[in-house]
Amino acid sequence: MNLDFSDDQKMLKDQARKVLSEKSPPGANRAVLEGTAPYDAKLWAQVGELGWLGCAIPEAYGGLGLGYLELCVIAEELGRAIAPVPVSSSIYLAAEAILRLGTEEQKQAHLPRLAAGEVVGTLALAEGVGVPRPERLETRLEGGRLTGRKIAVPDGLGAGLAVVAAREGQGVSIALVDLSEKGVGRAAERSIDPSRKSATLTFEGARAERLGPAGEGWAELQAVLSRAAVLVAFEQVGGADACLAIARDYALSRYAFGRLIGSFQAIKHKLADMYTHTELARSNAYYAAWALSTDAPELPLAAASARVSASHAFDYAAKEMLQTLGGMGITWEADGHLYLRRAAGLRLLLGAPRGWKERLVRELERRNAA
Amino acid sequence: MNLDFSDDQKMLKDQARKVLSEKSPPGANRAVLEGTAPYDAKLWAQVGELGWLGCAIPEAYGGLGLGYLELCVIAEELGRAIAPVPVSSSIYLAAEAILRLGTEEQKQAHLPRLAAGEVVGTLALAEGVGVPRPERLETRLEGGRLTGRKIAVPDGLGAGLAVVAAREGQGVSIALVDLSEKGVGRAAERSIDPSRKSATLTFEGARAERLGPAGEGWAELQAVLSRAAVLVAFEQVGGADACLAIARDYALSRYAFGRLIGSFQAIKHKLADMYTHTELARSNAYYAAWALSTDAPELPLAAASARVSASHAFDYAAKEMLQTLGGMGITWEADGHLYLRRAAGLRLLLGAPRGWKERLVRELERRNAA
Amino acid sequence: MNFDDTPEEAAFRAEARDWLARTAPKFVTPGPDEADDAREAAYIRRAKAWQAAKAEGGYAAITWPKEFGGRGGRPIEQVIYSQEERRYSVPSGPFQIGLGMCVPTVMTWGDDAARKRFVGPAVRGEEIWCQLFSEPAAGSDLAGIRTRSEKKGDEWIVNGQKVWTSGAHYSDWGILVTRSDPSQPKHKGLTFFYLDMKSPGVEVRPIQQIWGGANFNEVYFNDVRIPDSQRFGAPGEGWKVALTMLMHERLAISAGQVTTDVKDFFELAGEIELETGPALENAAVREQIADWYVRSEGLKFTTYRALTALSRGETPGPEGSIGKVVSAPQLQALGTLGMDLGDMAGGLTEEDVAPLKAAFQRAYLFAPGLRIAGGTDEILRNIVAERVLGLPPDIRVDKSVAFNELPVGR
Amino acid sequence: MNFDDTPEEAAFRAEARDWLARTAPKFVTPGPDEADDAREAAYIRRAKAWQAAKAEGGYAAITWPKEFGGRGGRPIEQVIYSQEERRYSVPSGPFQIGLGMCVPTVMTWGDDAARKRFVGPAVRGEEIWCQLFSEPAAGSDLAGIRTRSEKKGDEWIVNGQKVWTSGAHYSDWGILVTRSDPSQPKHKGLTFFYLDMKSPGVEVRPIQQIWGGANFNEVYFNDVRIPDSQRFGAPGEGWKVALTMLMHERLAISAGQVTTDVKDFFELAGEIELETGPALENAAVREQIADWYVRSEGLKFTTYRALTALSRGETPGPEGSIGKVVSAPQLQALGTLGMDLGDMAGGLTEEDVAPLKAAFQRAYLFAPGLRIAGGTDEILRNIVAERVLGLPPDIRVDKSVAFNELPVGR
C-alpha cells in the first residue's frame, strides 16, 4: 500500500511552498486583482525558470519529464498561494491537449515554449452561460480558418496560444490558434476572480491548425478536462488548506468574551468540519493522482470524484474562513476575499460540480454494466 | 393580516392537548407498538366521543361542521402526542375522499360512521415499493368487483372501509370497499412505525362501489392527498415540537463536565436549528391551513410547501433529539425512538418529500405560465 | 384566517397610500452611487427633503408620541406605512439608524433639554445621526470596546477607534460608547455620550467592502473633547444604555432583512441549458428550488404571523429572531449555485453577460457580510437558544475580571 | 504510488491467506442471533475455538511481543491479517474488547503475576473480557462515573451501575473503574480494578436497542467484593489507567468502522421507479449518489493513506479521527433517503418486500446509535479541533471542584 508521495516529491513540494510563500504572498494576488495586468509576469517567469511548467512534459519537448505526481504537488502549492499565474490554463489544459493530440511537429513547435513559459496557452470552450454542448457550438473551423466567439476564456487576456473547440462538418474539432494572428480579437472581461484575467476571444477567419482528427474532438476534450480536473483538485485542496490555516490562526489569536474564539464550540466544530472536508478531498485527490500518473482506466471516475470533493472543500473552507474572521473578512483590504474569489474561479474553471457529478454517476453505471 | 388561529380554535387546541397528555402519553404509543392491536381502541373511542373526528365533516353527515382550521389544531396535538390512532387514514384520507367525491347516498352511508369512529377508513394506493403511477396500477375495478393487491395500506390492519385506487378501462377509478366483504384478504405487515399498523390487502373480486366518475380518479386522488398533506403537516409540526421539548428538557437537566449540557454551543445551536426548522414548518402549515379552509386555488402549492417543510422539520427534530439524549436515546425502553419511527411513518404516509418537491415546482411553473 | 386589513388598518392604509401617491414621486431617487461623492451629496439632500415631507405629512415617526413629533400610532400602522412606502424608491436609508436607534436613546436617556434640542430636527430630517459602537476588537462581544474616555474638568477626552459605522461621513451627530474605567469588569466601566461629528479630532474613513460597497466607515478619535452634559446615564453605567440601544437595533435589523430571492434562480433555471437539457427540467435543480422556496415562504409567513400579533395589539413572539440565520446562508447558497448554472462562464460579472445583471455573483460576495452584520450566525443561534428556548448562557470568564486584565489578541 | 504490498508484506499475506484457507472454514458461523440464548452459547463456543486456533497458528496477537503469546509483528501485518480474515465469516467479535483494550491494560498496569495469569488464557481464547466503564450519568464525560468503591481491610466493596457493557453476559473477567474518593475533584478520586464477572453481587441485564439488537448490558454492583490485589495503579490514580485504556479503545473503534454503503443505494435506485421514471435517471438521486460516493471514497483513501504510513513503519496521522463523524451521519441519511425511494411503501420492514432485506430501514434505526457510540459527533469534532488543529479545550468548570459538590441532574 503506497498512497502517498515519495520523499523526493515531498521535497519538491516543500521547495515549491517555500518559493511561493516568498514570491507569491497574498499581496501578489491582490496586485493582479486590482490591476490591469493579466497575471503576475515576474512570478510567471520564476515559475518557468524553476521548471515547474515543464514538470510533466517530456524532455524531448523541452520539459523536465518528471511526471504528473510532481505536477500535483506543485499544483497544491500554487493553490495554497492563490498564485496569480496562468498555470492551469497553460499547462493542465493547453499543453495537455497538445501532448495528447498533437502531431510530432505540433509538439515540437509548441510544447517547448509552453514549458519555458515563453507563451501562455489556454483552452477556449464556452460561448455563453450554461453548460457547453457539442451540438450548440457556433464557432466553426473551415479550411484552416476559425470563425466565432468564445467567452470566459481562462487567462485569456494574457494568452498567446489557444486550444479552441469548434464545429467542423458534423462533429467537433479542436483547433490550435496563435492569438497574435490576424482575425483574432480579444476583450478583457470582469469576473469573480480578477486575479487571473479571463477574456472574450473573437475569431474572424483566423488561421488555425487542427489538433487531432477532424470531428472527433469532443471526447478528447473531455479527456483533457478529466486530466486537468485532477491537477485543479490539488490547487483546490491547497486553497482549502490555506483557508483552514488562516481561520485557525485567527481563532488562536482573536479574543471575545475574554476567551480565544477558538475555544467556542461553534468555531471549533466549524474548523473541524473544514478539516474533515479538506482531508476527504485530499484523499480523493491522491487517488486521482495515482490514476493520472498511471493513465489508469479508473481516471475518469477518480478525476470526477476528486473534482467534486475538492470543489466542495474549497467552497466550504473559503466561506467559513470568512465567517470565522467576522467583520474583518468582509473588508476589501483584508485578504479573505482573495480566497473566496479563487474558490469560485476554480469551481467554475472546468465547469460546475453539477456536471462532474453527472459524469461520476455515468462512470459508475459504466463500471456496473461491465 | 390574520395568519393565526382564533381564540376559540386555540381553546380547542389547549383542550386537545390536555386530553391527549392524559390519554395518550408515550406509553400508549408504546403499547400499540409492542402489541398486536392495530391501534389504541380506547383512545380511539374517546377521540370519537369528543367529536374530533367529525370536526370538519358537515353536521348533515354526522359531523360537527366546525371546519378545517379546527381539524388542523387537533392534528397538531395528535402529532405532538404521537397518538396511536388512525385519524389520518380514516379522516384526512377516507372521509375526505368520500366528502369530495361521494354521492349524497354514499356520504349518508359512510360519513356518520367515520365521524363517530364506528368504522376506521383508509386509502389503499401503493402496490409495491416506489412511487405509484397510474399506468402501473394492477388492481382493477370491473363491473363493481375489485381484484388486486395493495401493500402498506396505512392503518390497514384495523380499517373497515377502504378507498382504493384501481384501473378501470383506460383510466383510474376510486373504489370504496367494505373490508368485511367476501374476497377481501388482509395480512399484518411489519413496518418502521408499528404504533399504527399497516397491512397488505388483497381483493379477489370483492364487491366495491365507485367513488366519483369512472376513469378520472387519479387527479381527484391527488387533490385528496394535497388536502391530507396539510393536516399531516400539522401532525408533523406537533411531533417536531414534542421532540424539541424533550431535547430541551434533557439539555436542562443532564450534566456533563460539571455543566448542564444545554450550556454547550453544540447543543444550543442544534436546538436553535430544531426550533428554526419547526417554526418555518409551522408558518408554512398555517398558510396551507388558510388555503385548505378557504379552498383557495393556492392549495396545491401551499400543501406541497407545508408537507416538504414539515417532513424536514420532524425528521431533523427526531434525529437530533435522539442525538441530544445520547446513549439514553437508543435504548428500546426510552421513548425517543417512538418519535423517530413516527417521523418516518408520517414522512412516507402520503409519499416521500421528493415527489412533493416535484409537485411544488410544477405548481410554480403553472403559476408562472399563467 | 385571512390576509386582510382590519377596517381601521384599511383606512390608515388608504390614507397613507393617497398621501404617498401625492408626495413620494417628487423624491424618488435612482439610489446613491456611494463611490461618487457628488451623487451622494445630492442623495443626502433628497433624503433630508423627503424626511421633512414625511414629518409634515405625519408619517415620520408613526409610533412616537405626538409630543415628540410622532403620530401616536400603533406598530401595525408603521408596518403598513412601510409596506406602502416600499412601492416608491424613496431615500429613507440615511435616517434609519438615527430614528431607529439613536433618537430613541436620546428620548430614554437624555434630559428634557436634549430631547427638545434633538428630537424635532431628527424627525424633520434636519440632522442625521450615526451609532458609534463596534470596534476592531469588539464585534460579537460588544462590551469589549476599548475607546477610552477620561474626564478632565467638565469635559471628557476621547481616544480610540470605532468601525462599521454606517453613514458616519454624512452624519451630524453620533452616539458613542466609551470605556471610562478599564480597572472595572468589562460591563461596569462603560460611559455613553453623544457628540457633534464635526468635533475636532474626529476622523472618518470609508471601508471598502468585498462586494464593492463603501457605506461603512472607520471613525478615529484623537483627543476629542465632549462636554460632560452630553453624557447619557451615569459614568460607568453605559452598559444599561447599550442594552436599550441594542434592543432598538434588533428591532430595526429584523425589520430590514434582505429577502433571498429564489424567484431569480427559478427564472435563471428557465433560461439556461445544462448538459442534460434545460436547467429547469433537471430534478436536482428542481429540488433545490423547492427547498429554497419552502424556506423563503416559511420566513414570509413567519413575518405574517408577527404582523398578525401586531395587528391584534400583541407583542410578536420570538419567531422573528430566526430570519437572518436562515436567509443569509440561503443567499450565499443562491449565489454559488446561481453561478454554477452559468458553468464555465458562471464567474463573469459583466452585466450584459451574467444573468440578472450579475445578481448571483453579487450575492456570492454580499452574503458573507450578511452572515456577520447585526449578529453573526453563531450569535443569533445563541440568542435563539438562550432567549427563546431558555438554555443557559455560555460560560463567562470575563464577567468579574478587571477589563485591563483580560487577555487580548487581535 | 501504488496499492501493492511490499515484498515482505506480500509474503506475510500469502502465508496468512494460506493458513486461513486451511483453517478458517471450520469455524465459519452464520453469526449470532443475539436474542436467542442457545444460539449465542454455541456462537461463543465457536469463537473460543477459533481464537485457540489463531493462537496455535500465531495470528492471535500479531503485534504483541512473543513473550505474551504474540508474534512480534508490525502493525501493517495485523492489518493485512485482518483484511484476509475478513473474507471469512469467522467469530472474532467476542475477543475484540478483551484483546484490544482490557488485556493491554493488564499488560501495562498489572504485575508479573497478573500478566502471567491472564494474558495467555485471553490470547488462547479461554477467557473473555469486558470493559466496565460508561455509566448512566457518565457518557461523553467519562470521568463523571459514580460507581463507589470503599476499602475494607484487604478488599474493596463496590456499589453502583455500569451501562453499555458489550458482552458482559458472556465475559469471564471485567475491567472496572470506580470512584473511591468523591471528596476529590473528579479526575482524582478514581480507582481501577479487574474482577471475576461471576463475583457475588454482579448482576448483568441486557439492554434492548431501538434496532432490536441487545449486545450491550447494564451491569449492577451490589456489595461486590474485590481483593485489593486486583487493583491497577494507586488508589485515586485511576484516571491515568483510564487514559491508556481509552487510547486503546480509540484505536480499536477507528479500525472497526461501519462503512456506509452508497452501493446499496445505487443498486436500489437502479431498480425502483419514481413518478418521473426510474430513480437512477433522476438527477437529484444521481447527485445524491455522487455526493455520498465521494465521501465514502474519501474515507476509504484516507484509510489507505494511514495504511501507507503503517507500511512505511510510521505512525498514521490524525486523519483517522474523521471517519465516524462522516460515516455515521451519512448512514443516517442513506437510511432515510433509501426509505424515501420506496415512497408510500418505504416504511415496510418485511424482508421480502423492503429492498435489500430492509437494509435502509435498519440503517435508519441503527445510525442514531452509531452517532453516539465510541464518541458522539460532538465529542469527535471537539477531538479533531483540539488534537488535530490545536484549538483550546472547552472551558472546564469541574476540574478543581470536589466531585460530590458538582451539580447533578440525570
Side-chain angles (χ1 to χ4, degrees), chain A residues 1-6 9 69 244-245 247-248 251-252 259-265 267-277 279-291 293-294 301-302 304-310 312-313 353-354 356-362 364-365 368, chain D residues 1-6 9 76 79-80 262-263 266-267 269-270 280 283 285-291 293-312 314 317-319 321-322 325-326 377-378 380-386 388-395:
Chain A
M1 181 63 62
N2 183 13
L3 186 59
D4 196 1
F5 292 96
S6 69
Q9 288 154 358
L69 294 179
L244 175 57
R248 179 180 173 277
L252 286 173
R259 307 158 50 171
L260 282 174
I261 64 167
S263 73
F264 286 101
Q265 284 188 336
I267 299 294
K268 291 169 74 167
H269 292 189
K270 186 191 295 299
L271 267 57
D273 287 345
M274 285 166 67
Y275 174 79
T276 299
H277 294 311
E279 278 307 302
L280 292 178
R282 175 180 296 284
S283 296
N284 278 311
Y286 278 28
Y287 176 64
W290 166 80
S293 69
T294 58
L301 180 56
S305 295
R307 176 143 181 83
V308 169
S309 194
H312 173 67
R354 175 150 283 147
W356 289 90
K357 291 181 189 176
E358 175 55 31
R359 275 168 207 238
L360 189 161
V361 177
R362 232 180 276 150
L364 285 180
E365 289 174 307
N368 244 35
Chain D
M1 287 184 183
N2 62 64
F3 303 98
D4 308 330
D5 290 330
T6 63
E9 289 164 8
I76 191 70
V79 170
I80 290 170
V262 60
K263 284 189 213 80
F266 183 80
E267 191 182 311
L280 195 51
V285 171
R286 293 172 83 80
E287 288 203 5
Q288 186 63 75
I289 288 172
D291 284 335
Y293 181 79
V294 304
R295 282 206 290 261
S296 291
E297 291 283 291
L299 284 185
K300 181 171 96 183
F301 296 119
T302 299
T303 305
Y304 284 15
R305 287 167 57 206
L307 295 182
T308 301
L310 276 186
S311 172
R312 292 179 180 180
E314 299 160 7
E319 310 86 31
S321 44
I322 67 175
V325 83
V326 173
D377 290 359
E378 292 74 24
L380 292 178
R381 285 198 172 84
N382 263 7
I383 287 175
V384 170
E386 293 170 23
V388 180
L389 301 178
L391 295 172
D394 287 340
I395 302 279

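Lettering follows sequence order; numbering is per chain, from 1.
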Original post:
Hey, which of A281(A), S263(A), A251(A) has the most heavy atom pairs under 4.5 Å with chain D?
Top reply: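 So the answer, after comparing A281(A), S263(A), A251(A), is S263(A).
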Subject >> Main-chain N/O of S283(A) paired to K300(D) side chain as donor or acceptor, under 3.5 Å >> reply: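 Between the backbone of S283(A) and the side chain of K300(D) there is no qualifying donor-acceptor contact (under 3.5 Å).
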**OP:** Drop me the distance from R295(D)'s CZ to N284(A)'s CG, to the nearest 0.5 angstrom.
**Re:**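 It comes to 11.5 Å.
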Subject >> Separation between CZ of R354(A) and CD of E287(D), rounded to the nearest 0.5 Å >> reply: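 So the CZ of R354(A) and the CD of E287(D) are separated by 4.0 Å.
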Original post:
Do you know which of E386(D), R312(D), E9(D) has the most heavy-atom pairs under 4.5 Å to chain A?
Top reply: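 Ranked by heavy-atom pairs under 4.5 Å with chain A, first place is R312(D).
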Original post:
chain A: which of D377(D), L310(D), T6(D), D291(D) shares the most heavy-atom pairs with it under 4.5 Å?
Top reply: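 So the answer, after comparing D377(D), L310(D), T6(D), D291(D), is D291(D).
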**OP:** Name the region of D4(D), side chain, backbone, both or neither, that has any atom closer than 4.5 Å to a heavy atom of chain A.
**Re:**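 Backbone of D4(D) only, per the 4.5 Å heavy-atom cut-off to chain A.
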Original post:
Is it the backbone or the side chain of Y304(D) that comes under 4.5 Å from a heavy atom of chain A, or both, or neither?
Top reply: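 It is both, since atoms from each part get that close.
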Original post:
In terms of the angle between their ring planes, are Y287(A) and F301(D) parallel, tilted or perpendicular, with boundaries placed at 30° and 60°?
Top reply: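 Aromatic pair Y287(A)/F301(D) classed parallel.
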**OP:** Please look at L301(A) and chain D and tell me whether the side chain, the backbone, both or neither of the residue comes under 4.5 angstrom of a heavy atom of that chain.
**Re:**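 Answer is side chain: those atoms of L301(A) sit under 4.5 Å from chain D.
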**OP:** Determine, for R381(D) against D273(A), whether the closest basic-nitrogen to carboxylate-oxygen distance falls under 4.0 angstrom.
**Re:**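 So R381(D) pairs with D273(A) through a salt bridge.
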Original post:
Excluding sequence neighbours, so at least two apart, what forms salt bridge (Lys or Arg N to Asp or Glu O under 4.0 Å) with D5(D)?
Top reply: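 If we apply the salt bridge (Lys or Arg N to Asp or Glu O under 4.0 Å) test to D5(D), skipping adjacent residues, the hits are R13(D).
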Original post:
What's the verdict on side-chain contact (heavy atoms from CB on, under 4.5 Å) for L244(A) and L389(D), showing C-alpha distance, side-chain angles and the deciding distance?
Top reply: CA-CA 9 Å; L244(A) 175 57; L389(D) 301 178; 4.1 Å; yes
